[in-house]
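These notes concern the structure reproduced below.
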Amino acid sequence: MKKMIHSRRASLVTLVAALALSACGQEQTEAPQQGAQQEAPPHKVEVAEMARQDIPLDKSYPSLLRSDDEVTLVARVNGFLEERHFEPGQLVEEGDRLYTIEPDLYQATVNQREADLQSARAELARAQRDAQRFEQLLSQNSVSRQQYDQALADQRVAQASVAQAEAALTSANLDLGYSRVTAPVSGMIGLSQINVGNLVTSGTELATITPLDPLEVRFQLPQRDAFELRRQLSEGGDTSDIRARLSIPGVSGGSDSELEGHLDFLGSRVDSGTSTVQASATFENPDATILPGQFVRVRIEGLKRFDVMAVPEIAVTQGLMGPQVFVLDDEDKARERTVSLGEVAGPWQLIREGLEPGDRVVVGDPAGLEPGMAIDPQPFSGDAEAVVEEAEQEEAQQQAEAAQEMEAGAADGQPAEGEEGAQ
């Protein structure tokens, strides 16, 4: 029994000694590491001093493209459709003749109305002469007052007949003009709804013309974007100074899938249902690349956010308390700072809360940074896009190197052909 107790005590002493030796060894290994960390040179990274600034935005808005100037051709006279002067899908110009609807019938009506007008004018001339003659005879007491009044009444009836004949001739000329259907606008004409030889009546739809150049696109701006844009315009700008680009989602191909234009209207009221403001932009579309009915995105250039705090997007990391950035203290050491994020404006991340003017923020790649790490601040050029691109290139290079190492390790781990057979 005593031997057993002594053996247990001995084993405990041995275990304690081993733990003490291992602890001493760990302290000895940690001490050089801490010394090496203290002796490590400060980490070089770009640092920017915060100040409020105006940040340009590059935002896009969805829209269903439609042509507000689209025209449906409708027959305005009755008759047989004699000719069609276009091919479906053709680009027509304003004033081009498109259809002919039995013009001879209406030309004959015009000729008849002209004859009626000549007859009415001849009757008016006779009535005027009679009225003048009766007026002279009345002064000589050769006719009665009643006869003179009748002559004046005949003259007025003849004048009314002339006016009626002129109106009938005008109406006949209008019908003759309507028998030759012309394009009221320039654009692409669709399929003809009525074939040549069919009888058409007033109100019959013939075809549709869709103007394609220029295109007017209406879309909705969020309330804040409209407010900032109106503020920008109030400082001396004009809507035509705001450039716009129109693109079709899912279509790539440079200029063939994108049009350039300008903003030409900004609404003056907010839609209470959507909290948006209506706007419209005009785009040149000479090659009819984009057609009405397509879903498009309108990107506004020149829009800004005024007097805001912003850092390059890469400077923001995710911490335990949420989004954070690294700021420098008086000793040029990195400290975490939790921030509240706003919009993303291209390579910039807008900061709502958490930073003040004068704060020094690490705007370079924060990879490898830890709280308390000494920093060698490098000047920031102000080009956030360049900083983001540089970090992305470094990350891509590291991923490529890691992939190469994995491939090399996999190749080294494969057994030779003879070894595989021996196994």
Counting C-beta onward and ignoring hydrogens, is there a side-chain heavy-atom pair between [X] and [Y] closer than 4.5 Å?
X: Arg305; Y: Asp225; result: yes
X: His43; Y: Leu369; result: yes
X: Ile209; Y: Leu73; result: yes
X: Ser280; Y: Val217; result: no
X: Ile375; Y: Pro42; result: no

Query - Parallel, tilted or perpendicular, as decided by the 30° and 60° cut-offs, for the rings of Tyr61 and Phe219 - result: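 Rings of Phe219 and Tyr61: parallel, under 30°.
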
Requested in this report: Please report the C-alpha distance between Val45 and Asp365 in whole Å, then the side-chain angles of each, then the deciding distance to 0.1 Å, and finally whether the side-chain contact (heavy atoms from CB on, under 4.5 Å) criterion is met.
Outcome: CA-CA 7 Å; Val45 66; Asp365 189 358; 5.9 Å; no

In terms of side-chain geometry, is the basic nitrogen of [X] or [Y] positioned less than 4.0 Å from the acidic oxygen of its partner?
X: Arg245; Y: Glu260; result: yes
X: Arg337; Y: Asp359; result: yes
X: Asp332; Y: Arg360; result: yes
X: Glu166; Y: Arg121; result: yes
X: Arg224; Y: Glu343; result: yes

Of the non-hydrogen atoms in [X] and [Y], which two are nearest, and what is the gap between them?
X: Leu81; Y: Ile194; value: CD2-O, 3.7 Å
X: Ala172; Y: Val110; value: O-CG2, 3.3 Å
X: Gly346; Y: Glu313; value: O-OE1, 3.9 Å

Report task. Step by step, work out the side-chain contact (heavy atoms from CB on, under 4.5 Å) result for Leu98 and Val92. Result -> CA-CA 9 Å; Leu98 303 177; Val92 298; 4.1 Å; yes

Report task. Let me see the working for Leu355 and Val361 under side-chain contact (heavy atoms from CB on, under 4.5 Å), right down to the final yes or no. Result -> CA-CA 9 Å; Leu355 293 178; Val361 178; 3.9 Å; yes

Query raised in the report: Any chance the rings of Tyr99 and Phe86 have centres within less than 6.0 Å?
Result: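 Yes: the rings meet the under 6.0 Å criterion.
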
Requested in this report: Could you list the residues that satisfy salt bridge (Lys or Arg N to Asp or Glu O under 4.0 Å) with Asp271, not counting sequence neighbours?
Outcome: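 Partners of Asp271 by the salt bridge (Lys or Arg N to Asp or Glu O under 4.0 Å) criterion come out as none, since no residue qualifies.
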
Query - Polar side chain donor-acceptor pair, Asp264 to Thr282, under 3.5 angstrom - result: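 Yes, side-chain donor-acceptor contact under 3.5 Å.
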
Query raised in the report: Only one of Arg133, Gln159, Glu123 forms a side chain to side chain contact (heavy atoms under 4.5 Å, CB included) with Gln128, so which one is it?
Result: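 Exactly one candidate clears the test, Gln159.
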
Requested in this report: Sort out for me which residue in Glu336, Gln318, Arg335 forms a side chain to side chain contact (heavy atoms under 4.5 Å, CB included) with Gln324.
Outcome: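 Answer to the side chain to side chain contact (heavy atoms under 4.5 Å, CB included) test with Gln324 among Glu336, Gln318, Arg335: Glu336.
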
Requested in this report: Take atom CD of Gln146 as the centre, draw a 6.0 Å sphere, and report whether it contains more than 12 heavy atoms from other residues, nucleotides or ligands.
Outcome: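 Incorrect, the count does not exceed 12.
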
